[in-house]
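Read through the structure below, which is laid out as structure tokens, and then see the notes.
In what follows, chains are A, B, ... by sequence order, proteins preceding strands, each numbered from 1. Since the model is a prediction, treat every value here as computed from it, not as a measurement.
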Protein chains: 2
Amino acid sequence: MSDVSSFFKMAFSVDCVIFGFDEGKIKILIIKRGEDPFKGFWALPGNLVYLDEDLNLSAKRVLHELTGLQNVPMQQVSTFGTIDRHPLGRVITTAYYALVKPAALHAYASSHVEQIAWLPIDEVEELAFDHNIILESCLSKLRSAIKNRPIGFDLLPKQFTLSALQKLYEAILGTSLDKRNFRKKILSMEILEDKGVTQEGVAHRPAKLFQFDAEKYKAIAEDGFLFQI
Amino acid sequence: MSDVSSFFKMAFSVDCVIFGFDEGKIKILIIKRGEDPFKGFWALPGNLVYLDEDLNLSAKRVLHELTGLQNVPMQQVSTFGTIDRHPLGRVITTAYYALVKPAALHAYASSHVEQIAWLPIDEVEELAFDHNIILESCLSKLRSAIKNRPIGFDLLPKQFTLSALQKLYEAILGTSLDKRNFRKKILSMEILEDKGVTQEGVAHRPAKLFQFDAEKYKAIAEDGFLFQI
DNA sequence: CCAAAAGTGTTATAGCTACACCCATGT
DNA sequence: ACATGGGTGTAGCTATAACACTTTTGG
């Protein structure tokens with residue numbers, strides 16, 4: 001391994017699965033490619049990593065370039081390195097996911113609608129490269145993460161109803177949950193703050209609005225409390 | 001992105017955390033580097049990935065070259081891509097872990113003892129590159145995996161006592177477990193086969209030997225059974 | 001007979017599942 | 001008044017945690 005120059009001929013990329021929750025469905029952000037390879041195909045937002053760019057920061061750059069979002073935690077999921085996955089040469093890619101709130105979601109869906117779209121995960125068809133496989137792995141990571149960490153709130157507006165939270169869990173897990181048991185469990189964790197506010201303008205009894213209390217969660221998590229749905 | 005040639009200047013590597021269980025302790029395989037960079041340092045077994053080599057297969061190749069082991073499942077854990085992690089240029093690395101049985105463990109520890117060693121995880125000191133961080137991430141992955149999947153058996157001989165299994169769990173999780181409750185739980189899963197054999201040559205009541213029944217586990221896992229310690 | 005680890009059951013508690021009706025609001 | 005989703009309690013069951021003594025073997 002004294003001459004390693006023949007090894008330094010690969011490229012590296014990141015691909016992002018950006019999850020949103022809208023109209024009761026989990027959606028992902030996809031872009032229509034304007035250039036070869038895979039011109040005209042829908043693809044996950046992704047980019048080559050610059051030579052002098054940190055890998056994890058590269059994922060944040062892609063998210064920022066595409067959605068304008070900053071300071072959104074990106075979770076590294078898995079790295080894909082089959083030989084022929086990219087037509088232009090040897091490109092190994094690392095997949096990340098991020099969770100974005102509906103507010104960010106609508107702003108961008110409307111302004112770049114020709115190149116960017118939010119697509120419900122059950123309507124995704126053939127994507128460029130190995131992006132269908134990447135999506136599956138991120139989805140499966142999301143499903144296990146949502147059961148063990150309080151990340152669902154990142155997909156909802158700052159204040160939300162318990163029913164909205166339950167629908168979110170049902171959408172991600174693909175199951176239906178018992179309303180009373182779900183509420184009991186979530187409220188017993190004491191990580192939600194009752195803002196004393198209710199919905200307005202709904203054609204039924206207005207629901208209380210809650211807000212995730214990250215401080216309180218951090219405090220009890222240090223004492224060994226485990227979030228678990 | 002029409003001229004991408006400037007991107008194809010990176011190299012890629014894999015690093016392997018190879019776990020073994022011996023003398024009641026979790027150990028990892030480390031090698032002493034014979035060449036720069038980090039000549040003379042202890043390091044995780046790792047290698048650059050060939051241009052025409054699949055990433056996951058590359059991890060298997062490294063394991064095979066170092067231990068002679070074949071057909072050992074390698075679990076991809078995480079990818080590390082800070083800019084300056086490798087002195088020779090931009091090298092991004094993917095970490096894998098593998099679990100090997102004691103039989104394989106002793107054979108190689110004796111024959112290459114100057115370059116290769118099994119070190120208890122609590123005696124690991126400074127390793128080359130960012131390998132201490134890589135080790136931590138694999139260890140944390142192992143700890144969560146062992147609670148949710150029946151992988152502990154891969155660290156034990158084909159036949160083992162329940163006490164050995166319990167000690168393994170205690171070593172990985174860093175806790176002590178109640179003997180009666182542990183046995184009840186494991187046996188109630190009905191994934192262990194009682195071979196009707198007992199230990200020999202021990203200075204106390206000889207224990208029954210058990211064997212993991214992968215077929216039985218697969219069958220009940222398909223019915224939704226979840227392994228959980 | 002002593003040392004060492006194997007093996008074994010019960011009880012109390014906590015958490016989970018299943019389940020049905022009344023309430024507040026807008027139209 | 002009706003339609004819509006919000007909000008609530010209990011009982012049975014299951015899983016978990018805590019706990020101590022007898023058994024079998026080798027030396």
Checklist line | Basic-acidic side-chain contact under 4.0 Å: Lys218(A), Glu222(A) | finding: no
Notebook entry, point to check: How long is the line joining CD1 of Ile186(A) and P of dC16(C), in whole Å?
Noted result: 12 Å
Notebook entry, point to check: For the ring pair Phe212(B) and Phe160(B), is the centre-to-centre distance below 6.0 Å?
Noted result: no
Check: Would Lys25(A) and Glu123(A) pass as an ion pair if we require N to O under 4.0 Å?
Finding: yes
Item checked: B/S/- contact track for nucleotides 6-16 of chain D, protein heavy atom under 4.0 Å -> BBBBB-----S
Check: How long is the line joining CD1 of Ile229(A) and P of dC16(C), in whole Å?
Finding: 10 Å
Checklist line | Side chain Gln199(A), main chain Leu209(A), donor-acceptor under 3.5 Å | finding: no
Margin query: Between Phe129(A) and Phe80(A) (judged by ring centroids, cut-off 6.0 Å), do the two rings come close enough to count as a pair?
Written below: no
Check: How close or far is atom C1' of dA5(C) from atom CD of Gln166(B), stated in whole angstroms?
Finding: 12 Å
